[in-house]
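Everything below concerns the one structure shown next.
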Amino acid sequence: MPETPSPLLDHIKRRIALSGPISIADFMNEALAHPEYGYYRKQDPFGRAGDFITAPEVSQMFGELIGLWAAVSWQQMGCPPKIDLIELGPGRGTLMADALRAVRNVPGFGDALTVRFVETSPVLRTHQQTAIMASGIPATWHEAFDDIPVRADVPAIIIGNEFFDALPIRQFERGDHGWAERLVGVDADSGELGFVRGRETPVTDALIPATLRGSAKKGDIFESCAPAIAIADQVARRLNETHGAALFIDYGHPSSAFGDTLQALKGHEYHPVLRDPGDADLTAHVDFAAIARAMNEAGARTGAVLTQGTFLRMLGIEQRAELLKTGADEQQAVAIDQALARLVDADQMGTLFKVLIGYGRETTPPPCVSGVAG
Ligand code: SAH
């Protein structure tokens, strides 16, 4: 079958030909965020027909329970008359739509709310607008988290599902003497993209956390996500300033570890990561320890990292499923049970996905916080 020409692949190869191998972060930036051909810029990648399915698209219960979490957080803040509900990377807006519907009956919460979306994709912004239209809650859109103005006496409740995993990572590989960055180059023979090793330098060594450096063996890979750390820092400052709370859900590990977790998904299947930039989703596991550390260093507190299964059970997902089933026919009841299993079971999303809750140093701890740090 003849290959369809890919303008983005050509552009990346030209860039490498001109200036040498690029970092994996640069490659991910091109593949996901190129203004014309980037994966998140040109299409709607979610749902059964898309390349992957996220928890809010699996079941309405996910967004409903997060809405409840936000409403109880607000109550524990003393029901302030105004609140900014900020979502990072809202996708189709399904989570927010379900959350807003679920909290309709919480007295005063709807009137206090302004929704603020952080979204770079124009296509997804229109989906989000449509999704929350029925709620009647005012919303604004922003390119970056720090563009959202701080309002005096208005706490920020910040949520994000599968946001950090889409941010560009760099990879470092342990060699004979030290660490070298893994880069993307062009193979001289085949003309295809391939991984190459950069030079081992003391500067690269310094990027590896001291706690891990000692135990490293040749071939170990360490991943770092500078944009995630920068956003965690901004979020933490906002939590302290506004006495707010934050909830992040993503797949990843609770402590920093070695491993190559970069992956591509296309049509619900794993795909070679360098093969189709712009046409496959690219993600990496989130290092929750690094995010929590950044938040703590900025003065905010964090709860112990929970699994998604534990978190959703704490919020009563099983009872919610039973309630939904009371009005359902048999086929719908089976679908509800399947969705429940998908979200909480250990062999599905229940264990791989983790939950990190952060809050300002003067905020009353929000629901589901245990084992506080910071
Ligand atoms: N939360 C949604 C979508 C997750 S996919 C869900 O669970 O279904 C990642 C989302 O982050 C998409 O909406 C994508 O457009 C957005 N995104 C990716 N990189 C971003 C960035 N740098 N800034 C803001 N949004 C970004």
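Computed from heavy atoms alone, side chains included, the values below leave out hydrogens, waters and symmetry copies. Read the numbers this way: they start at 1 and go in the same order the structure lists the ligands and their atoms.
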(message) Going by the closest heavy atom to atom 2 (C) of ligand 1, which one wins out of G89, S121, G93?
(response) G89
(request) May I ask which of E143, E119, E162, H127 has a heavy atom nearer to atom 13 (O) of ligand 1 than the others do? (result) E119
(message) Heavy atom to atom 20 (C) of ligand 1, shortest distance: which of L95, I231, L88, T120 holds it?
(response) T120
(message) Please list the nearest protein heavy atom to atom 7 (O) of ligand 1 with its residue and the distance rounded to 0.1 Å.
(response) N161 ND2, 2.7 Å
(message) Distance under 4.0 Å to a non-hydrogen atom of L167: what atoms of ligand 1 satisfy this?
(response) 22 (N)
(message) Please compare F52, Y39, F163, F164 and report which has the shortest non-hydrogen distance to atom 24 (C) of ligand 1.
(response) F163
(request) State whether E143 and R125 are salt-bridged, where the test is any N-O pair (Lys NZ or Arg NE/NH1/NH2 against Asp/Glu carboxylate O) under 4.0 Å. (result) yes
(message) Could you tell me, atom by atom, which parts of ligand 1 come under 4.0 Å of a heavy atom of L124?
(response) 12 (C), 13 (O), 15 (O)
(message) Just to confirm my output: which protein heavy-atom neighbour is closest to atom 8 (O) of ligand 1, and how far is it?
(response) T54 OG1, 2.5 Å
(message) If we count only N and O atoms by modelled type, under 3.5 Å, do the side chains of Y40 and D281 hold a donor and an acceptor together?
(response) yes
(request) Under 4.0 Å from a heavy atom of P56: give me the atoms of ligand 1 that qualify, with their elements. (result) 6 (C), 7 (O), 8 (O)
(message) For the residue pair D276 / H271, report whether a side-chain donor-acceptor contact shorter than 3.5 Å exists.
(response) yes
(message) Is it the case that the side chains of E162 and T54 hold a donor-acceptor pair, with the cut-off being a distance below 3.5 Å and no angle test?
(response) no
(request) Supply the members, apart from L212, of the Ile/Leu/Val/Met/Phe/Trp/Tyr cluster built from side-chain contacts under 4.5 Å; use none for a lone residue. (result) F172, W179, L207, I208, F222, F258
(message) At less than 4.0 angstrom from any non-hydrogen atom of G91, what atoms of ligand 1 do you find?
(response) 2 (C), 3 (C), 13 (O)
(request) Hey, could you give me each pair passing side-chain hydrogen bond (donor to acceptor under 3.5 Å, both in side chains) that has a residue in residues 133-142? Not counting sequence neighbours. (result) R116-T140, Q128-W141, T140-H142
(request) May I ask you to check whether D260 and Q171 show a side-chain donor-acceptor distance below 3.5 Å? (result) yes
